[in-house]
Every structure is written in C-alpha cells, then in structure tokens.
2 protein chains.
Amino acid sequence: MSLTHIQSFIAVAEEGHVGRAARRLHLSQPPLSRHILALEDELGTPLFERTSRGMRLLPAGETFLLHARRILAEVDAAVHTVRKVGTGPVEQ
Amino acid sequence: MSLTHIQSFIAVAEEGHVGRAARRLHLSQPPLSRHILALEDELGTPLFERTSRGMRLLPAGETFLLHARRILAEVDAAVHTVRKVGTGPVEQ
DNA sequence: AGGATTTACGTGGGCCGTAATTATG
DNA sequence: CATAATTACGGCCCACGTAAATCCT
C-alpha cells in the first residue's frame, strides 16, 4: 500500500473511468490500472465492478473511499501542522 | 512523503537511534537516515536533534509523531474494515 | 579514538510508457 | 466494431547496500 495507490484509487472512484482518472493524474492507463489491481490484491477483495463503460464502486470500494480520503486528509494536516510548529518557535 | 518514510520516522523516534531502528526495520542505516532527511526536507524543518548518542525529537518531531501514528492507524483501520466488508456480504 | 550519522557510488528491482491483447455492448 | 481495461515487454530511475568520510564528546 502506498499513498500513490490511494490517490489513484480516489481518482478512479471519482471519475468512474480509468482513462479520465489517468489524464487527471498525468499518468497513462496501465500503471493506474495496476495501482487498482495491487490495492485489490492487497485488500483481498475487488473494489470496483468493471463495466464496458468504466468502473463502478462496489460496497467494499465505497467503504475504502471513506478511509482513503481520511488518510490523505490526515497526511495533509500533518504537513501543515508540522510546518507551523517548525517555523513558529525561534528557529535559530 | 510515503508510508515507508512515516514508518521509518516512527521507528527512529521510538528507538532514539538510527542503528537500532534500522535493525528493527530490517534495513541498513543509510537508507533509513535518508528517509528522515527526506522528510525533514519535505517538511521544511528538522525533526530531530542529532547527538553523539543518537537522535532526540525536537518539538516539530513530537508533533509529527502524533500525526504519523494517526496516519498508520488510519491505514490499518482501512485495511481491516475493507477486508470485513469484502468478505462479509455474499461474495459470489 | 569510539560511536554515531551522513555522503559516495555502483547495482538490481520496480514502475512507467508504448504497444498488443482481451473483453463487452 | 468501438471503447474500455488489462497484460507484455523494454528501459530508466530510484532506493538499497557496502564502503568511505565526517562529526562530536
């Protein structure tokens, strides 16, 4: 599992489409598709239903989406908070 | 930033010592040291004070440690929750 | 001088992108 | 047959490990 995989998952979940998500991430489809497959493999369950028009979230995917967003938000918070603490006190 | 870097940071913070943390992570010192340096670079502030006996957390490091643990806990929760959802319902 | 971190440097594995393949309506 | 996802495959980059250097007490 990696933060990149999580970002990829969120993009595909929101676009419902690997191609569009890939453009949004400035990435080509194959690696993006592999990110999703790797996640599904690691989690031991499919996250999307593959249709001929794209990908739709399964229940497990909906659940993971909530967690995924929380993880990235937490990372963001960490960065911003630490930057503030780091540059706040005297900083010799 | 990567989950690996975060794990590395936590290990060094808890051991107060790159060498011991490296053994605990089954990794050699140089990459581990680079993980910390990369984090500090990305966050724009030092996280540890380097002493001749190891490394001690600075205030920014203490702050980051709280967030780091929350991030990994969130990842863990995501994995376990999704595994449950995935294997729960009918699973045709 | 001893114990620690950090830099140099060469190598191997992993990830990307192009191209080909498969699947589905 | 068109559109979407996936697999094959070649190449580059990044991260590791060994070894050397640096720093501090």
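Basis for what follows: all heavy atoms, side chains included, without hydrogens, waters or symmetry-related copies. This structure is a prediction, so every number in the text was calculated from the model and none was measured. Chain letters run A, B, ... following the sequence lines, proteins first, then strands; residues in each count from 1.
No more than 12 heavy-atom neighbours from other residues, nucleotides or ligands sit within 6.0 angstrom of CZ on R53(B).
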TODO: Apply salt bridge (charged side-chain N to carboxylate O under 4.0 Å, His left out) to the pair E14(A) and R24(A), showing each step before the final yes or no.
DONE: CA-CA 11 Å; E14(A) 289 179 353; R24(A) 164 170 154 189; 2.6 Å; yes
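Atom P of nucleotide dG25(C) and atom CZ of R56(A) are separated by 11 Å, given to the nearest angstrom. The nearest whole Å value for the distance from the NE2 atom in H5(A) to the P atom in dC15(C) is 6 Å. When the P atom of dC23(D) is taken as reference, atom CD of E49(B) falls 18 Å away, rounded to whole Å. Counting to the nearest Å, the P atom of dT5(C) and the CG atom of L32(B) are 9 Å from each other. Taking atom NE2 of residue H26(B) and atom C1' of nucleotide dG17(D), one finds them 16 Å apart after rounding to whole Å.
Atom-to-atom distance recorded for I6(A):CD1 and R70(A):CZ is 12.5 Å, nearest 0.5 angstrom.
Ring pair F64(A)/F9(A) is perpendicular by interplanar angle, where above 60° counts as perpendicular and below 30° as parallel.
As judged by a 4.0 angstrom heavy-atom cut-off over every strand, H35(B) is placed among residues touching the sugar-phosphate backbone only.
Proximity of L3(B) to I71(B): side-chain heavy atoms (C-beta onward) are separated by under 4.5 Å at one or more points. Looking at V82(A) and L47(B), their side chains come closer than 4.5 Å, going by heavy atoms from C-beta outward.
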Task: Sequence-aligned protein contact record of nucleotides 3-9 of chain D, with B where the base is within under 4.0 Å of a protein heavy atom and S where only the sugar-phosphate is - done: -SSSBB-
